[in-house]
Amino acid sequence: MAENIRLEVVTPEKSVVSVSTQIVMAPGSLGEFGVLSGHTPFLTTLKTGSLKYKDENGTERYVFVSSGFAEALPDRVTVLAESAERRKDIDIERAKAALERAERRLQEQNREADIDFTRAKAALLRAISRIQLAEMR
Ligand code: ATP
């Protein structure tokens with residue numbers, strides 16, 4: 001059987017995941033990537049989206065990640081993200097409120113500076129990603 005790798009997902013506030021797993025799939029900026037034990041080392045930025053790993057029973061677990069980096073080494077994957085939470089910890093009502101707020105801001109974009117448009121778009125993406133992940137079956 002293949003060796004396990006260590007997966008650590010951390011934000012500036014907390015450690016979100018610290019597990020031993022067979023496989024990690026993550027949303028890299030250039031596309032989704034998978035890491036198994038023995039992978040060639042690499043470093044990448046992440047897209048807002050969901051990271052997936054298998055727990056000790058082989059059950060797939062999902063983690064929301066946003067604005068991060070991932071470092072893959074032969075025996076570990078480390079994700080540093082601005083925000084991250086396990087699927088079960090996503091507050092869907094909060095995400096829906098964030099989505100509404102972001103949509104409202106985007107409608108007002110002409111009167112706002114570009115930076116606000118970029119921020120609102122990023123917030124919209126986070127909210128959509130959280131809602132999709134929380135509602136996934
Ligand atoms: P909001 O406007 O609701 O704060 P946001 O997208 O701006 O949403 P982030 O900056 O991504 O929030 O995250 C700030 C902190 O709040 C992080 O610790 C993140 O894990 C947590 N968080 C944000 N939204 C949710 C949510 N819907 N469910 C659970 N935790 C959340």
Side-chain angles (χ1 to χ4, degrees):
M1 204 153 102
E3 297 274 310
N4 276 8
I5 52 176
R6 190 85 208 156
L7 169 65
E8 304 280 348
V9 180
V10 296
T11 71
E13 287 98 39
K14 56 189 187 275
S15 165
V16 179
V17 175
S18 177
V19 292
S20 173
T21 182
Q22 292 250 308
I23 183 166
V24 177
M25 303 288 295
S29 299
L30 300 175
E32 187 170 58
F33 62 86
V35 180
L36 297 164
S37 171
H39 201 291
T40 307
F42 71 96
L43 189 63
T44 182
T45 51
L46 295 176
K47 277 198 284 219
T48 291
S50 58
L51 174 151
K52 184 166 84 176
Y53 68 91
K54 282 192 178 168
D55 72 10
E56 67 276 15
N57 303 315
T59 306
E60 289 182 338
R61 301 286 173 190
Y62 295 84
V63 184
F64 167 83
V65 289
S66 173
S67 299
F69 294 87
E71 179 193 46
L73 295 173
D75 64 347
R76 83 172 36 230
V77 173
T78 308
V79 171
L80 302 173
E82 228 161 74
S83 53
E85 63 270 350
R86 289 170 177 267
R87 181 182 169 200
K88 66 177 170 55
D89 294 327
I90 293 175
D91 177 341
I92 194 157
E93 293 312 318
R94 177 174 170 177
K96 284 181 176 166
L99 176 64
E100 272 181 33
R101 239 180 0 255
E103 281 174 339
R104 218 176 324 117
R105 285 183 183 143
L106 287 171
Q107 279 162 8
E108 293 165 1
Q109 64 173 282
N110 293 337
R111 278 175 279 131
E112 302 291 328
D114 274 357
I115 187 74
D116 288 342
F117 177 71
T118 306
R119 272 178 62 182
K121 225 168 96 177
L124 182 86
L125 263 177
R126 290 195 298 277
I128 290 172
S129 251
R130 283 179 168 124
I131 293 165
Q132 276 178 346
L133 188 53
E135 287 183 339
M136 196 182 70
R137 301 210 159 252

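Side-chain atoms are counted along with the backbone in the values below, which use heavy atoms only and exclude waters and symmetry mates. Throughout, numbering of the chain's residues begins at 1 and tracks the sequence.
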Atom CG of Leu30 with >12 non-hydrogen neighbours under 6.0 angstrom: no

Salt bridge (charged side-chain N to carboxylate O under 4.0 Å, His left out) against Arg86, all qualifying residues, sequence neighbours excluded: none

side-chain contact (heavy atoms from CB on, under 4.5 Å) between Leu51 and Leu7, intermediate numbers included: CA-CA 11 Å; Leu51 174 151; Leu7 169 65; 3.9 Å; yes

Distance-minimising heavy-atom pair for Lys54 and Thr21: O-OG1, 2.6 Å

Within residues 29-41 or reaching into it, pairs that qualify as side-chain hydrogen bond (donor to acceptor under 3.5 Å, both in side chains) - sequence neighbours excluded: Ser29-Thr45

Non-hydrogen atoms of Phe64 and Arg126 that approach each other most closely: CE1-O, 3.7 Å

From CZ (Arg119) to CZ (Arg105), nearest 0.5 Å: 7.0 Å

salt_bridge(Glu135, Lys96) N-O dist < 4.0 Å: yes

Pairwise side-chain contact, Val16 with Val10, heavy-atom cut-off 4.5 Å (strictly under): no

Test side-chain contact (heavy atoms from CB on, under 4.5 Å) applied to Leu124 and Leu99, step by step: CA-CA 5 Å; Leu124 182 86; Leu99 176 64; 3.4 Å; yes

Pairs where residues 6-19 contributes a residue and the test side-chain hydrogen bond (donor to acceptor under 3.5 Å, both in side chains) is met, not counting sequence neighbours: Arg6-Glu8, Arg6-Ser18, Glu8-Ser18

side-chain hydrogen bond (donor to acceptor under 3.5 Å, both in side chains) contacts touching residues 66-82 (sequence neighbours left out): Thr48-Ser66

Closest contact, heavy atoms only, Pro41 versus Leu73: CB-CD2, 4.0 Å

Test ring pair (Phe, Tyr, Trp, His ring centres under 6.0 Å) applied to Phe69 - qualifying residues, sequence neighbours left out: none

Working for side-chain contact (heavy atoms from CB on, under 4.5 Å), residues Tyr53 and Val35: CA-CA 10 Å; Tyr53 68 91; Val35 180; over 6 Å; no

Residues which pass side chain to side chain donor-acceptor pair (under 3.5 Å) with Arg61, listed by chain and number, not counting sequence neighbours: Asp55

Single-linkage hydrophobic cluster, 4.5 Å side-chain cutoff, Val65 and Phe33 together: yes

Closest non-hydrogen atom pair, Ala95 against Ala127: O-CB, 3.5 Å

